[in-house]
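Encoded as structure tokens, the structure appears first; notes follow it.
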Number of protein chains: 4
Amino acid sequence: MTRARLRRAATNVFARNGYHATKVSDIVAAAGVTQPTFYIYCESKEAAYEALVAAFRDNLRQITLTNLIDPAIPQAELETRVAQSFHRFLDFMAQDRALTEIGFFQPPGCSQTKALMVDWVAANIAQEQAGGVFRADIPAAHIARMLVGLLDQMGRMNTDAAGRGELARHCARLFCGGVGMRTG
Amino acid sequence: MTRARLRRAATNVFARNGYHATKVSDIVAAAGVTQPTFYIYCESKEAAYEALVAAFRDNLRQITLTNLIDPAIPQAELETRVAQSFHRFLDFMAQDRALTEIGFFQPPGCSQTKALMVDWVAANIAQEQAGGVFRADIPAAHIARMLVGLLDQMGRMNTDAAGRGELARHCARLFCGGVGMRTG
Amino acid sequence: MTRARLRRAATNVFARNGYHATKVSDIVAAAGVTQPTFYIYCESKEAAYEALVAAFRDNLRQITLTNLIDPAIPQAELETRVAQSFHRFLDFMAQDRALTEIGFFQPPGCSQTKALMVDWVAANIAQEQAGGVFRADIPAAHIARMLVGLLDQMGRMNTDAAGRGELARHCARLFCGGVGMRTG
Amino acid sequence: MTRARLRRAATNVFARNGYHATKVSDIVAAAGVTQPTFYIYCESKEAAYEALVAAFRDNLRQITLTNLIDPAIPQAELETRVAQSFHRFLDFMAQDRALTEIGFFQPPGCSQTKALMVDWVAANIAQEQAGGVFRADIPAAHIARMLVGLLDQMGRMNTDAAGRGELARHCARLFCGGVGMRTG
DNA sequence: AATGAATGAGACTTCATTCAT
DNA sequence: CATGAATGAAGTCTCATTCAT
């Protein structure tokens, strides 16, 4: 109970103020407990932060793994399928905005998180390229970076569930087809 | 002279350790001067940091403005022209890696920088869409976010001049044509 | 307990060295605690000082208010009654010499304290003049200034209880009758 | 020339801000010279201040000495003569308000100045008592303190030349005759 | 399990003062 | 005589962390 309140408080305060500008006293004030109590549940301020980051990364990892696309997919359905992947990511990021802030947008930690995500996504892309789903003349790592960069920017927009649907479709269209005019 | 050494030292130390973990004493040690000297040239640690961020943003703004694409461009040359734009961005980011770290990758400040860049780029894109250079079924803001996200990720790779050329071409290909297979 | 020790220590050290020459480290050393403890109980060095000044002023205000003289007093008893007022002031000032030093003799603050006291006393004098207790051909404000100036100087003398009695009588005699020889 | 400008600047700045809150950099800025120049003319900030205080005291001493009253004076003219003394003091204090602020109203130094003045005045009073000018049933030191206290308070009022004349007459009346009603 | 009270360590900033020119 | 540039020394304040209860 106390543990949960501390975790919630820490997430919110860290998300609002960032790691360095957050004082342990702010967290315990938000949680309605005293400072020594904080140290009953957390090794240190740093450990508390890292636990949140790690939790976010674990979830992100799961989402990423489930987004691998079956090579049997018909090209006609690809964009829709990719939109679905984007949608999952965007929903996940919106679901606990404060935690996402900590794990994905804030230093210290956000760079590492994205670097890891690039690796995970790149592994998927490589398989998908091998399966003929995506073009193979560009390294999987580069494509993975594009995807992560896209999510990074789009995830910053505060959209409701409906907005996320549209956003995901746009992402998919850009990701699959680029911005060029279709000539001919 | 001393001013330049302080600026260089501040850039490097801030880039290496981040704003909060950087102590004024670190900066002056790197510059080979004493602490009071720092305060002769800088209002405060915060002001010193902000001056660096502002300098980076100004340069970034210039680059962005020069990257507007002429609507008269033939579609066949578009990708090459886009690659040129990416190349300029990547070169700029590589030119003073430490300053880029501060202005583009590190908080506090990086989010704002990217938000600004999204606006600048979106203004370009909107014109380019109006000129028929890019598809218009996706909001310019979304396309701008993709571009910034792409640069954000690609700019993190430490590449030499040759590597940047290839990277820029890959970016352009993805940006213009997406990842999908071209189905006859 | 700690709060009281800090207050005592602050009073003594401020009184001995003055506001500017007093270091927080001096205060905490005198109180037998560490520096952070000081900041648990006091907002800042300045706030600590102001609190002492304010406390002194409040007390001074009370004393002043109770010194208003009933207009029904016979002229023959006036000097004795005035002596009583001076006695109260002198006792008050002697009672916590260090606090008096801070509130009444030391800048910053002493000028303001005396200006306030002049106002309070002037209000009394005006009533007393209206009641025919004191001559009315001199503005109450001027008389109040004489009284405050007199106390300012006399309060600086370090006298024991008996000395204060005599001093008060002298003050009263001067205040009521001046220094001139009584001719006729 | 430079010496005079520095002296004037120091006087004004010290008077406005007080000793501790005045920075050498403030003084030199006001004088339009650089910091090292200050040290060509002044041993130190403290010495500069003390020189001003000493100058004020010297002048004050002169004024005090000339205010000794001839014992041959008829009682009827006493109050007028005392008013003249007060007038001289008030004029002196008004003549260089900034220097007076430093020498007479501001710590560190004002207490000592007044203590000295009490001594000088007391010497006068003692002679005057011996000459039958003033009542002798009150120690000269006490009377001197009353006079100094009176001046201290009255000198704070910012009055023009005319106002000082009236103020001096009021002071004399209070000093000589006190506040009591003259009962037939 | 929880807290009231306290602290060790250290950061930023200021300012009187001095060289070398 | 005057200065541009620099510094030694110090002071206020903060904060993560810990006892004793």
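Chain letters run A, B, ... following the sequence lines, proteins first and then strands; every chain starts at 1. As a basis for the values below, the full set of heavy atoms in this structure was taken, side chains included, without hydrogen atoms, waters or symmetry mates.
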Phosphate contact ([N] OP1 or OP2) by [X] side-chain N/O below 4.0 Å:
| X | N | answer |
| --- | --- | --- |
| C/Tyr39 | E/dA6 | no |
| B/Thr34 | F/dT7 | yes |
| D/Ser44 | E/dA16 | no |
| A/Tyr41 | E/dA1 | no |

**Study point:** SG-OH distance between A/Cys42 and A/Tyr49, expressed to the nearest 0.5 angstrom
**Key:** 14.0 Å

Check your understanding: At what distance, to the nearest 0.5 angstrom, does NZ of A/Lys23 lie from CG of A/Asn17?
Key -> 9.5 Å

Review point. Considering every strand shown, what is the Watson-Crick or G-U wobble mate of E/dT21 when both distances are under 3.5 Å?
Key: F/dA2

Study note, to complete from the structure: If pairing means Watson-Crick or G-U wobble with both distances under 3.5 Å, then the partner of E/dT7 is F/dA16

Practice item. Would you tell me whether A/Arg8 and A/Asn12 have side-chain atoms, one donor and one acceptor, within less than 3.5 Å of each other? Key: yes

To the nearest angstrom, how far is [X] atom [atom1] from [N] atom [atom2]?
| X | N | atom1 | atom2 | value |
| --- | --- | --- | --- | --- |
| C/Phe38 | F/dC13 | CZ | P | 8 Å |
| B/Met1 | F/dG4 | CE | C1' | 16 Å |
| C/Ile40 | F/dC19 | CD1 | C1' | 13 Å |
| C/Glu46 | F/dG11 | CD | P | 18 Å |
| C/Ile27 | F/dG11 | CD1 | C1' | 12 Å |
| D/Arg3 | F/dA2 | CZ | C1' | 14 Å |
| D/Lys23 | F/dA10 | NZ | C1' | 16 Å |

Review point. Of C/Lys45 and A/Ser25, whose nearest nucleotide on DNA chain F comes first from the 5' end?
Key: C/Lys45

Check your understanding: So, do D/Phe56 and D/Phe92 have ring centers that fall under 6.0 Å from each other?
Key -> yes

Practice item. Hey, which sits more toward the 5' end of DNA chain E by its nearest nucleotide, D/His20 or C/Gln35? Key: C/Gln35

**Study point:** Closest contact, heavy atoms only, C/Tyr19 versus C/Pro108
**Key:** CB-CD, 3.7 Å

